[in-house]
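Worksheet: the structure to be examined is printed underneath.
Proteins come first, then strands; the chains are lettered A, B, ... in the order of their sequence lines, and each starts at number 1. Predicted model only: the values in this text are computed from it and were never measured.
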Number of protein chains: 2
Amino acid sequence: MAKNKKVTSYDVAREAGVSQSAVSRVFRPGLSVSQKTRDKVMATANEMGYRPNAIARMLITKQSGMVAVIVSSRANVNYPEVLSQVSKQLAARNKRVLLFTLDDVEGLDELFEQILTFQVDGVIALAAHFESHRLAQFEKHEIPVVLYNRNVSDAMANTVCCNHEQGIKQLIAELEKNNPKKYLVLSGPKDSDVANERREIAIKLLKQFAVKDVSILYGDYSYQSGRDCLAKWLQHNPAPDAIICSNDTMAIGVIDEARENHELHIPNDISVVGFDGITSSAWQSYQITTIKQPVEKLVKAAVEVLLEHIENPDSPPEARVLTGALIKGNSVKRP
Amino acid sequence: MAKNKKVTSYDVAREAGVSQSAVSRVFRPGLSVSQKTRDKVMATANEMGYRPNAIARMLITKQSGMVAVIVSSRANVNYPEVLSQVSKQLAARNKRVLLFTLDDVEGLDELFEQILTFQVDGVIALAAHFESHRLAQFEKHEIPVVLYNRNVSDAMANTVCCNHEQGIKQLIAELEKNNPKKYLVLSGPKDSDVANERREIAIKLLKQFAVKDVSILYGDYSYQSGRDCLAKWLQHNPAPDAIICSNDTMAIGVIDEARENHELHIPNDISVVGFDGITSSAWQSYQITTIKQPVEKLVKAAVEVLLEHIENPDSPPEARVLTGALIKGNSVKRP
DNA sequence: TTAATGTTTGCATTCGAAGTCATTATTACG
DNA sequence: CGTAATAATGACTTCGAATGCAAACATTAA
């Protein structure tokens, strides 16, 4: 009969007529215990409903088995998939996700204090802006950090990132097949590092393609901002030939706005490309030409790098770049 | 100068010339410490980079400050919003989210063992199927559980749920304005409790509305399944007048399939309603008439109920039902 | 049978903060 | 100024599992 109150290893030990150490050893893999003791302990443990207390174990082993995952609200629409992948893959390596969400920049110090407090084995930051002094803080405590989808040139940071440059190059190559004259780049918000990177790359590559007429607009990654930006632009300007959106969601907004309020047809009047390859980008009504991020591979890489650095704290920082897949939709005019 | 190795309360105590208890008291709110000691301790603590070890604190106080959130992969598309709300609201109450994702039914026992092991203060289950013996398990350990969007009639469980019945009634009322003859109910998967509930309610209410011709189809909540189900149906049957979809995503699939492959116009040929009020349901191309779940309120309620039961383990189980808002889109024919 | 080796086992200690309790310092007040 | 009341403090114990160490036991070789 299982009791209501917490059962400890001592209780089991007493009941089974062995020492507490014996009980502990039974529940630690690979330790020397005779089959007889093992069976006896397991039997009484099951009977009493005993489970080792992870907290006590953490304290003595100095390994919490928890990884802090920081998610910024700025995070991409595909973050649920990322998060669920992270959780799954960490679980496979016997680690749990301790979730920290981050909306305002206020309380950021507090947040980082919290994370340190919890003695996590490592940190994965999803699209969160990480100043280098924060990285240093974790470094000092020997807590490895992996930045997901962040290219930090300066830093000694571990990063796992989709190859934005290569992806955007492919997208522009698609667009260029029609020799568009007027380009619009619809960037994500200025305080998003990914957005800034994608925008700058687009600008750079367009220059390389010898495109003259490029205008930049700033949205906030949302559907509505896609609509609003296009609407505002068209108030005072002619329609562009091609629009490069920093993510799919804004591309969808752009398409809806063009069709609904301006009688512009996609792709015949305007070609639109997105980025990310979110589920809805493939929906019939949009069929966006975009770059699909290799989420599963990215996460696998992130987890690998993190675990490598947990096990071997002195291994040098690593930056992994994975290439996404060009999805040829129906939002770019065929030549 | 902060040292590289972990700084404990003893280190700070020694340095500040006080006892370890004093340090502990400084970092616990509301305990009796003189201003002088407090300042002294705070100063040296900051200087040494000391932060209390949450793990040690958990062990002695028997409060982990962590809430297990179980997310099933079956979970709705709006779960990222739910999850981020949960995290935010728990953070406001000084609790953290320990995330457990659940894909296959395998390893479910293992998962629950894990959760118990971590000594979480409570559990929130998002759309996860929870057999009553599992509930009993947590009950035995006095760990309160809140089921999010689950109506468990039998159970002594805490539940927070959107009012499906009232919502679906409103949707049917909308549809009935055109007196449709043939209804199709596109249900979610049979192993989802929410899906089953929504389907059964729809069937029951249609009967109440004296509708004769109702057929049931089963999808898996996905866009593609919406398309496939409609396509398969139309192979051998005439188009229905109205389709009640168990979620918005399938409704979107249905709409795309109807338009693309069958030259059916929404809403003139078929009226379609969804459920959830996900972001994309409001997009120009779909504008689905649906019920928007009051996610923020639901989460607030869930967190409230959970904390109430953490603080007062003997309070009776609570079932909160919140009503969603009818969104009148453009997917139902106007009379 | 004994020595030598390997395997199990229990004792005692450890992890780091919190809380109990008795003691000392401080304040309030007659 | 003395005494009661209160505030502040430190010594010591606690939470529950893991582990170094030495003793006990089992196994093999000689």
Enumerate donor-acceptor pairs with a distance under 3.5 Å from any side-chain N or O in residues 90-102 of chain A to protein atoms, sequence neighbours excluded.
residue  : atom : partner  : partner atom : Å
A:Lys95  : NZ   : A:Asp121 : OD2          : 3.0
A:Arg96  : NE   : B:Gln114 : OE1          : 3.4
A:Arg96  : NH2  : B:Gln114 : OE1          : 3.4
A:Thr101 : OG1  : B:Ser87  : OG           : 2.6

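At the heavy-atom level, A:Arg51 lies under 4.0 Å from the strands shown only through sugar-phosphate atoms.
Residues of residues 60-68 of chain B that place a heavy atom closer than 4.0 Å to DNA chain D, in numerical order, are B:Ile60, B:Lys62. Listed by residue number, the members of residues 22-33 of chain B with any heavy atom below 4.0 angstrom from DNA chain C are B:Ser24, B:Arg28.
A salt bridge between B:Lys140 and B:Glu142 is absent, with no side-chain N of the basic residue lying under 4.0 Å from a carboxylate O of the acidic one. Taking 4.0 Å as the cut-off between side-chain N and carboxylate O, A:Arg150 and A:Glu197 do not count as a salt-bridged pair.
Side-chain contact annotation: A:Ser34 with A:Thr37, donor-acceptor N/O pair under 3.5 Å present. No side-chain donor-acceptor contact under 3.5 Å links B:Gln85 and B:Glu81.
One donor-acceptor pair, N or O on each side, does fall under 3.5 Å between the base of D:dA11 and the side chain of B:Ser21.
Under the side chain to side chain donor-acceptor pair (under 3.5 Å) test applied with B:Glu304, the options B:Gln89, B:Arg320, B:His309 reduce to a single match, B:Arg320. When each of B:Val82, B:Val120, B:Leu83 is tested with B:Val69 by the rule side-chain contact (heavy atoms from CB on, under 4.5 Å), just one qualifies, namely B:Leu83.
Every ring-ring contact (aromatic ring centres under 6.0 Å, His included) that A:Tyr50 has, sequence neighbours left out, goes to A:Phe27.
In terms of position on DNA chain C, the residue among B:Leu59 and B:Lys36 whose nearest nucleotide sits closer to the 5' end is B:Leu59.
Atom CD of A:Gln20 is separated from atom C1' of D:dG20 by 14 Å (rounded to the nearest Å). Rounded to a whole Å, the NE2 atom of B:His141 is 15 Å from the C1' atom of D:dG16.
By the 4.5 Å heavy-atom criterion applied to side chains, A:Arg28 and A:Leu31 are counted as neighbours. The closest side-chain heavy-atom distance from B:Val123 to B:Val146 is not below 4.5 Å.
In the helix from C:dT1-D:dA30 to C:dG30-D:dC1, the end axes, each obtained as the rotation axis mapping the C1' atoms of four pairs onto the next four within a five-pair block, lie 30° apart to the nearest 10 degrees.
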Could you check A:Gln293 against A:Asn149 for side-chain hydrogen bond (donor to acceptor under 3.5 Å, both in side chains), going step by step and ending with a plain yes or no?
-> CA-CA 10 Å; A:Gln293 293 206 46; A:Asn149 250 352; 2.9 Å; yes
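Scanning DNA chain C 5' to 3' for nucleotides with an atom closer than 4.0 angstrom to a non-hydrogen atom of chain B gives a first and last hit of C:dG16 to C:dG19.
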